[in-house]
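Let me begin by presenting the structure, written as structure tokens, before commenting on it.
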Number of protein chains: 2
Amino acid sequence: MATGRTHRPATRSRGIPEATVARLPLYLRALTALSERSVPTVSSEELAAAAGVNSAKLRKDFSYLGSYGTRGVGYDVEYLVYQISRELGLTQDWPVVIVGIGNLGAALANYGGFASRGFRVAALIDADPSMAGKPVAGIPVQHTDELEKIIQDDGVSIGVIATPAGAAQQVCDRLVAAGVTSILNFAPTVLNVPEGVDVRKVDLSIELQILAFHEQRKAGEEAVADAGAVPPVVARKQQPSIDQGPDGDVPAVMPA
Amino acid sequence: MATGRTHRPATRSRGIPEATVARLPLYLRALTALSERSVPTVSSEELAAAAGVNSAKLRKDFSYLGSYGTRGVGYDVEYLVYQISRELGLTQDWPVVIVGIGNLGAALANYGGFASRGFRVAALIDADPSMAGKPVAGIPVQHTDELEKIIQDDGVSIGVIATPAGAAQQVCDRLVAAGVTSILNFAPTVLNVPEGVDVRKVDLSIELQILAFHEQRKAGEEAVADAGAVPPVVARKQQPSIDQGPDGDVPAVMPA
DNA sequence: TAATGTGAAGGCGTTCACAGCT
DNA sequence: AGCTGTGAACGCCTTCACATTA
């Protein structure tokens, strides 16, 4: 253990489950929409529908934050917005650096959702010297050489990596060495970080592959459902060999 | 139940856990890298390290696919690449449409990882008539009016939504009506879809908020750890009020 | 001998169902 | 009467530890 302090906070029952934390932003978004429509209170049922979860889960989630509802009535929208914002740490300002200002980095820099909720783009950083000074989303791009200085001067603790895969680990190492402790990684690579640094990844390719798996499965189920009946009118794509037995069977291809 | 067929496939033990499916692309990526370096075999320990998981989990994951390893030796890299690709449905070609060619949509269109693994950008679609015909990533943008025709002609079953939040549900409805059954949603909205349609979402804002939660927590732990000692040399940001008791306490703000 | 494949145990998250409060 | 808050049951996922096999 590198840090020499206990893994769980010493404070009492502050163990909000990770799954719950991941849903708080969803609730917050739905609540914000209600707030803008000046809706004063909302029931767990209504809010759950707006957030796309079931109401039991929502109530359980909220129970980890405290007893913020009123039985027989529901939740006070404004109050909940504040409580969840505070719990997520959005009542303070988080400066963020984006490294790698290609297509994706530029898209992120222009993303409005950033500023709206406590996040502020402190700097855009790119390794290409010809990018330096060029404004993207109204912010001048700075060269990678400045990375450490920017992070230290602005007290940046969250970094976004939007570089090519090959550069990601190196950028990550420099971010961490300079003091960044949370990283959002868009590069298709596994990042190695020391204990105490959080990494979340967003990976288009993985998401598509997961969809493809289920899509393939659907095609297979169709085939099963249609077995013995007429073939589907629109054969959307060639049927994959849906099954070849549970195990121990001969694969179609066995290299080497 | 809309489809009138059983929820689980009728075929035998093909119940690959969702968590496993989500990791298969990671393994595949690591294996592909090994394959390019002409590494013939790999142990669960090595491959797990490359994919950023522990080896027991990896072996369990692979056990759902079948017995593809050799005891005392490890896994044949090429063979595994093929098996996982097949399992994920990547041995066939998946045409994909991207709707909403703003900064993000353009970034996605230019993303190389697309073509590399079974996915092909069949069309780029945008509601702005002035975009029509303009090439992005070498592909001419088409107007939303063409959406249904494109999907049906090309047999597209996977759609990517990169529109503003306000347009997302409407686009989603049209995609689904035209035959799309898997959607990757980049818009910050909950999408309502009929049974049988898969939606995965990628939400920058949510990811950042989750990071902020943990970041805030770290700051709190530091404060606890440093209690009674000298303050940290670099006070990275103002300490959030780390805790105000487990529950039943008075909040700082109580609106209405 | 070395590393896979897998029962068994444990932990986490979801759902149920209802007690408790307004 | 209505809706929250939550113990309890359930199911999924992870981890352990070792029997099994090349």
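Chain identifiers are assigned alphabetically (A, B, ...) following the order of the sequence lines, protein sequences preceding nucleic acid strands; residue numbering begins at 1 within each chain. Since the structure is predicted, the reported quantities are computational estimates derived from the model, not experimental observations.
Under the side-chain contact (heavy atoms from CB on, under 4.5 Å) criterion, B:Ser43 pairs with B:Glu45, B:Glu46, sequence neighbours left out. A:Ser44 pairs by the side-chain hydrogen bond (donor to acceptor under 3.5 Å, both in side chains) definition with A:Arg59, not counting sequence neighbours. Applying the side-chain hydrogen bond (donor to acceptor under 3.5 Å, both in side chains) criterion to A:Asp173, with sequence neighbours excluded, gives A:Gln169. Under the side-chain contact (heavy atoms from CB on, under 4.5 Å) criterion, B:Arg200 pairs with A:Glu207, A:Ile210, A:Leu211, B:Glu18, B:Leu184, not counting sequence neighbours. Here A:Pro194 pairs with A:Val176, A:Val197 under the side-chain contact (heavy atoms from CB on, under 4.5 Å) rule; sequence neighbours left out. With sequence neighbours left out, the ring pair (Phe, Tyr, Trp, His ring centres under 6.0 Å) criterion links B:Phe186 to no other residue. The side-chain contact (heavy atoms from CB on, under 4.5 Å) check on A:Pro17 picks up A:Thr20, A:Tyr64, with sequence neighbours excluded.
Between B:Ile16 atom CD1 and D:dT14 atom C1' there is a gap of 18 Å when expressed in whole angstrom units. Remark: C1' of C:dT4 and CZ of B:Phe62 are 12 Å apart, rounded to the nearest angstrom. Between A:Tyr64 atom OH and D:dT6 atom P the separation is 10 Å, expressed in whole Å. In this structure, the OH atom of B:Tyr68 is 11 Å from the P atom of C:dG5, given to the nearest Å. If you take CG of A:Leu65 and P of D:dT4, they are 15 Å apart, rounded to a whole angstrom. Taking atom CD on A:Glu18 and atom P on C:dC12, their separation rounds to 12 Å, with Å as the unit. Distance NZ (B:Lys57) to C1' (D:dC12): 13 Å, rounded to an integer number of Å. For the pair B:Tyr75 OH and D:dA22 C1', the interatomic distance rounds to 14 Å; values are reported in whole Å.
Side-chain contact check for B:Gln209 and B:Ser205: at least one donor-acceptor pair (N or O, by modelled atom type) lies under 3.5 Å.
Nearest to the side chain of B:Ser67, among C:dG13, D:dC13, C:dG5, sits C:dG5. Distances from the side chain of B:Ser63 to the nucleotides C:dT6, D:dA22, C:dT15 place C:dT6 closest.
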Sub-3.5 Å pairs of nitrogen or oxygen atoms, protein against nucleotides 18-20 of chain C:
| from | atom 1 | to | atom 2 | distance (Å) |
| --- | --- | --- | --- | --- |
| C:dG20 | N3 | A:Arg71 | NH1 | 3.1 |

If you restrict it to nitrogen or oxygen atoms, what contacts under 3.5 Å exist between nucleotides 7-9 of chain D and the protein, and what is each distance?
| from | atom 1 | to | atom 2 | distance (Å) |
| --- | --- | --- | --- | --- |
| D:dG7 | N7 | A:Lys60 | NZ | 3.4 |

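The salt bridge (charged side-chain N to carboxylate O under 4.0 Å, His left out) analysis of residues 60-75 of chain A, with sequence neighbours excluded, yields the pairs A:Arg23-A:Asp61. Sequence neighbours left out, not one pair with a member in residues 33-53 of chain A passes ring-ring contact (aromatic ring centres under 6.0 Å, His included).
The shortest side-chain heavy-atom distance between A:Val81 and A:Leu28 falls under the 4.5 Å cut-off.
Residue whose closest nucleotide on DNA chain C sits further toward the 5' end, between A:Ala19 and A:Ala56: A:Ala19.
Aromatic rings from B:Phe62 and B:Tyr68 are positioned such that their centres are separated by 6.0 Å or more.
Sorted by residue number, the members of residues 33-44 of chain A with any non-hydrogen atom under 4.0 Å from DNA chain D read A:Ser43, A:Ser44.
Proximity of A:Asn54 to the phosphate of C:dT15: a side-chain N or O atom is located under 4.0 Å from OP1 or OP2.
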